[in-house]
Amino acid sequence: MFEKLKAAFGTLVSAASEKTISEADVDKLLWDFELALLESDVAQEVVTGLVGRLKGEFVGDKVKRSIDVKDILKTRLAEILVEVVKSPQTLDVFQSIEEKKQTGEPFIIVFLGINGTGKTTTIAKFAYALKQHGFSIVMAAGDTHRAGAIEQLGEHAARLSVKHVAQKYGADPAAVARDAVLYAKAHRIDVVLVDTAGRMQTSRNLMDEMTKIVRVTKPDLTVFVGDALAGNDAVSQAKEFLNATNFDAAILTKADADAKGGAALAISYVTKKPILFLGVGQTYDSLAPFDPTAFAKSLIENASQPAK
Ligand SMILES: Nc1nc2c(ncn2[C@@H]2O[C@H](COP(=O)(O)OP(=O)(O)O)[C@@H](O)[C@H]2O)c(=O)[nH]1
Ligand SMILES: [Mg+2]
């Protein structure tokens, strides 16, 4: 009798001390957070996806009333953000280049992205980093469309004392890239860096041209270069280039001018590809390794700050 009473009382107590997390709870509790992410330039579809995932995990769960559901959700959200930016395919590019070097063949990298995102500058910065690692380099002037593009790459090559292969404006960039690869093979150069156009003057489609370059050069690595300041545009460009070329990794430039970091999160979320580096300035040494965990933490901290 006494036992039964105790059991019944126990149920009553637990019913009073437990609550079920509803969809409305999640919506309400994550509202500030959603706004903060959107203010950090994280694309709407990404924010919706993250919140949807949290709902899927928590709605209907029973938790103790004394527990702050908001804290649980935020902790989990922080974990999810780390998962998103920490791509399953981590990539040590210098290691991969070293391995290819052992085979005696050049490591070929094609850089893609629309005009002005920083492809050419990033190639120069990357060449600088490669030289510091002791690798030899040839650059291919594959942007044969934009006026001045060939000279721009040539100037970087001269300043960095690396070989530069170019043809005339209007030349087929796939042919320029192939020349550079042949040069690298003949001279036992370690790395070929292929610059590309970001816009066509002709009616030819940019994506067709990029697909062709990738098919002809068979790169070891295809890198999408996105502008961190471009927000949602950077995300839709990343999608388009991913569909056309299934690039392997991304580099985000102009991170020095963007404290928010939303583009990095959104591009990782949408492409599921690793971010190799961040461009953090205009000098040759301003190419920083991307640290996904530190990045996710800082995004959470920024988003957790009360709105000013
Ligand atoms: N602040 C800043 N500017 C950059 C960065 N990367 C590129 N830029 C600038 O962006 C502009 C376009 O770069 P460019 O390499 O010509 O772009 P491309 O058209 O993609 O080849 C240039 O003025 C660069 O100096 C970066 O990481 N930070
Ligand atoms: Mg360029």
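Both counts, for ligands and for their atoms, begin at 1 and track the order of listing.
- From the protein, the heavy atom lying nearest to atom 4 (C) of ligand 1 is Lys254 CG, 3.8 Å.
- Using a non-hydrogen distance threshold of 4.0 Å, Gly116 registers as a contact of ligand 1.
- Those atoms of ligand 1 with a heavy atom of Gly279 less than 4.0 angstrom away are 27 (O).
- One finds no salt bridge joining Glu105 and Lys100 here, because no Lys/Arg side-chain nitrogen approaches an Asp/Glu carboxylate oxygen to under 4.0 Å.
- The protein atom (non-hydrogen) at minimum distance from atom 16 (O) of ligand 1 is Gln152 NE2, 3.0 Å.
- Here's the thing with Asp195: none of its N/O atoms is less than 3.5 angstrom from an N/O atom of ligand 1.
- Taking any N or O of Ser286, backbone or side chain, none lies under 3.5 Å from an N or O belonging to ligand 1.
- Geometrically, Lys272 engages Tyr269 in a cation-pi contact defined by less than 6.0 Å to the ring centre and at most 45° from the axis.
- For ligand 1 and Lys125, the ligand atoms under 4.0 Å from any heavy atom of the residue are 5 (C), 6 (N), 26 (C), 27 (O).
- Atoms of ligand 1 found under 4.0 Å from any heavy atom of Arg146, numbered from 1 in the order shown, are 16 (O), 19 (O).
- For the Mg ion (ligand 2), the N/O/S atoms of Gln152 include none lying under 2.8 Å.
- Remark: ligand 1 and Thr122 share no N or O pair separated by less than 3.5 Å (distance only, no angle test).
- Near Lys119, with a cut-off below 4.0 Å to any heavy atom, the atoms of ligand 1 are 15 (O), 17 (O), 18 (P), 19 (O), 20 (O), 21 (O).
- Residue Asn115 approaches ligand 1 through these ligand atoms, each under 4.0 Å from one of its heavy atoms: 19 (O).
- Using a 4.5 Å cut-off on side-chain heavy atoms (C-beta onward), Leu221 and Leu276 make contact.
- Of all atoms in ligand 1, listed by their number and element, those nearer than 4.0 Å to a heavy atom of Val280 are 27 (O).
- Close to ligand 1: Ile114, with a non-hydrogen atom less than 4.0 angstrom away.
- In this structure the side chain of Ile275 reaches within 4.5 angstrom of the side chain of Ser268, judged on heavy atoms.
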Legend entry - Chi angles and distances behind the side chain to side chain donor-acceptor pair (under 3.5 Å) call for Asp190, Ser136: CA-CA 5 Å; Asp190 304 322; Ser136 53; 3.2 Å; yes
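- Contacts between Thr117 and ligand 1, counted as non-hydrogen atom pairs separated by less than 4.0 Å, involve both the backbone and the side chain.
- In this pair, Phe247 and Phe224 present their aromatic rings parallel. The plane angle is below 30°, not in the 30 to 60° band.
- Residue contact check: Thr120 has heavy atoms under 4.0 Å from atoms 15 (O), 21 (O) of ligand 1.
- You'll find the ring centres of Phe277 and Phe126 inside the 6.0 Å limit.
- When every heavy atom of Arg199 is checked against every heavy atom of Leu206, the shortest pair comes out as N-CD1, 4.0 Å.
- Backbone and side-chain nitrogen or oxygen atoms of Gln282 are examined, and one is located within less than 3.5 angstrom of a nitrogen or oxygen of ligand 1.
- Nearest protein heavy-atom contact of atom 1 (N) of ligand 1 is Asp256 OD2, 2.8 Å.
- For atom 15 (O) of ligand 1, the nearest non-hydrogen atom of the protein is Thr121 OG1, 2.5 Å.
- Of the inter-residue distances, the one linking Thr117 atom OG1 with Leu252 atom CG reads 10.0 Å to the nearest 0.5 angstrom.
- The existence of a salt bridge linking Asp143 and Lys119 is excluded, since no basic side-chain nitrogen approaches an acidic carboxylate oxygen closer than 4.0 Å.
- Comment: Arg76 engages Glu79 in a salt bridge, judged by a side-chain N to carboxylate O separation of less than 4.0 angstrom.
- Atom 17 (O) of ligand 1 has as its closest protein heavy atom Gly118 N, 3.0 Å.
- Neither the backbone nor the side chain of Leu278 has a heavy atom within less than 4.0 Å of ligand 1.
- Within the 4.5 Å cutoff, the side chain of Val69 has heavy atoms near those of the Val63 side chain.
- The distance from atom CG of Leu37 to atom CG of Leu77, rounded to the nearest 0.5 Å, is 6.5 Å.
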